[in-house]
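Everything numeric here is computed off the predicted structure, so don't read it as measured data. Residue numbers run from 1 in the order of the sequence given.
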Amino acid sequence: MMNKYAIIPKPFSIQYGNGNFQCSGIPKIAPSVFQNEADVFAAQVKKTFGENVFAAECCISLAKMETSADEKTGAESYRLEILPGEIKLAAQTDTGIFRGLQTLRQLVLSGYCDGTLTIPCGVIEDKPCFAWRGLMLDCSRHFFSVDFIKNLLDALSLQHISIFHWHLTDDQGWRLPVDQYPLLTEIGSKRCDHRLGGRVSGEGFYTKDQIREIVSYAALRHIEVVPEVDLPGHASSVLAAYPGLGCTGGPYRVEDRYGIFEDVLCAGNDDIFPLAEAVFDSLAELFPSKYVHIGGDEVRFSRWKECPKCQKRLTELGLENPAQMQSWITARLAQMLRDRGRVTIGWDEILENTEKFPLPEDVIVMSWRGQEGGSHAVSLGCRTIMSPQSEGCYLDYRHINKPEEIGRLGIGTIAKGYNMNPVTPQMNETEASLVMGGQGNFWSEVIYACKLAEYMIFPRICAISEALWSDNKSKDLEDFGKRLVVHQERLDKLGLLQYKGVLE
């Protein structure tokens, strides 16, 4: 009985009833104020089962319910009731309705066979524990097509993923159009790729129309697209386009190697800030999200130690060492984004070397080097998002420790992602309230095809989604594993390539 529905992520409450809902075909949704959500559900069902799959009668009704007292997660709560003769879904918001429809979509994927839909009767009441439930996709190291991203968004929505963190720039490619700096895409988006025998990669960049298309597609699926541009490190693609922004003047190239490089934006050159202003203007134009990720990770300071401009800046600011200039840059970038009505996110390195320029309280720390960065951030009163590589959140790691498995750097099992808890035992109640949630990060250094990306992401993102949606106090890996067997059959019907080995 426990796995009768086999829903992932596990709902807050399930009460099974007697009998089944049964229908020849898949029922349509009755007209309501939630037409956009109904249309997306219908499109997803047609994509899987074909255009003529819907029954003539309307058996699914959508209704608005009273506002929940839980402001943090109540907007996503819903109540799904499956009766012998009808299906009823109620929520206080369109997002809640959509989440409920995705749960229903799971039941349809499992219950539709040979032209008949059969779903056991019952009542599902559901709400998330954390609002931020994300996936980061690295489109610098591998350029993923618009069609792939849209298909991925449809798959992510099935697991109630709420955030698509879009990593658009790095040493290996710049993917964002910036009108005032056309060389960022003309030069910075192409590289001599060792995977292609040294030939220039024609990967390129996303046009403004393509970005708007993806943002709109995600929004209709109640997924927020959060862009990331990496500053001031991981900047080889910027320096290749505008070598005057580096400490040495070059020559630079868009990297085809993977690692951490010494050349970063010159902290002593005021011209880096008009570049940042133009980039942020482009982001504000193209992305409605109030969040912008500025990277800030793995900045090397050797060039700043040797550069006369940086040494002059160091003296002017009264700083003790070059590393402290990063916190000065972070504060300036955060103010630029604040002026545009945006909130800054950075990797946990932005917590370091802040003796002279403390981290602004409105900046959000994304903790990737374990959970320590997030714990430190909330102790300072800053919000945090947990995505620790040590807790199964790095989806470029191998699934298990076998040489035939694709991946790099480490092992990230399904069980690790499932057991991840973004709130650490050391946090008090106030600090825990500053934890926004967490996400899985997919870096694409060793990925050269979209199907390989699917294999790395699924089903680990399903485990992470449950860690962030469901009650962490009632974890049961064995139960999750049983539900996952059923859920992976659903993912098969979506045409996804996925890992199907052991959980740990």
Crowding at NZ, Lys451 (>12 non-hydrogen neighbours, <6.0 Å) | yes
Counting only heavy atoms not in Glu504, do more than 12 sit closer than 6.0 Å to its CD atom?
-> no
[X] and [Y]: side chain donor to acceptor below 3.5 Å:
X      : Y      : result
His222 : Glu37  : yes
Gln498 : Asp492 : yes
Arg490 : Ser110 : yes
Trp368 : Glu349 : yes

Going through the distances and angles, do Tyr455 and His399 end up as a ring-ring contact (aromatic ring centres under 6.0 Å, His included)?
-> CA-CA 10 Å; Tyr455 180 84; His399 291 90; 5.1 Å; yes
Give, for atom NE2 of His167 and atom CZ of Phe442, the distance between the pair rounded to the nearest 0.5 Å.
-> 12.0 Å
Quick one: pull up CZ in Phe21 and SG in Cys121 and give me the separation to the nearest 0.5 Å.
-> 9.0 Å
Looking at [X] and [Y], does any basic side-chain N land under 4.0 Å from a carboxylate oxygen?
X      : Y      : answer
Glu285 : Arg340 : no
Asp209 : Arg212 : yes
Glu489 : Lys493 : no
Arg141 : Asp396 : no
Lys150 : Glu213 : yes
Arg105 : Asp154 : no
Asp362 : Arg338 : yes

Heavy-atom distance under 4.5 Å between the side chains of [X] and [Y], does that happen here?
X      : Y      : answer
His160 : Pro128 : no
Leu89  : Thr103 : no
Phe130 : Val423 : yes
Ile119 : Tyr5   : yes
Gln439 : Met366 : yes
Leu286 : Val215 : no
Trp443 : Leu409 : no
Thr344 : Ile350 : no

Centre of Phe12's six-membered ring, under 6.0 Å away, within 45 degrees of the axis: is that where NZ or CZ of Lys127 sits?
-> yes
Would you say [X]'s side chain and [Y]'s backbone share a donor-acceptor pair under 3.5 angstrom?
X      : Y      : answer
Ser444 : Ile447 : no
Gln210 : Thr207 : yes
Arg483 : Ile7   : yes
Glu86  : Ser61  : no
Gln172 : Ser140 : no
Ser162 : Arg133 : yes
Gln106 : Ile8   : yes
Arg342 : Ala284 : yes
Gln159 : Cys462 : no
Thr95  : Phe98  : no

For [X] and [Y], take the angle between the two ring planes, folded into 0 to 90°, and tell me which bin it lands in: parallel under 30, tilted 30 to 60, perpendicular over 60.
X      : Y      : result
Tyr78  : Trp469 : tilted
Phe287 : Trp166 : perpendicular
Phe49  : Tyr112 : perpendicular
Trp347 : His293 : tilted

Checking side-chain hydrogen bond (donor to acceptor under 3.5 Å, both in side chains) for the pair Gln44/Ser157: CA distance, chi angles, key distance, verdict?
-> CA-CA 10 Å; Gln44 291 174 328; Ser157 70; 3.2 Å; yes
Note: Cys382 and Pro360 closest approach over all heavy atoms is SG-O, 3.9 Å
Of all residues at least two apart in sequence or in a different chain, which pass the side chain to side chain contact (heavy atoms under 4.5 Å, CB included) check with Asn428?
-> Thr430, Glu431
Can you list the steps and then say if Trp174 with Tyr181 is a ring-ring contact (aromatic ring centres under 6.0 Å, His included)?
-> CA-CA 12 Å; Trp174 183 281; Tyr181 291 83; 9.3 Å; no
Determine the sole option in Ile406, Ile461, Val446 for which the side chain to side chain contact (heavy atoms under 4.5 Å, CB included) test with Met456 is passed.
-> Ile406
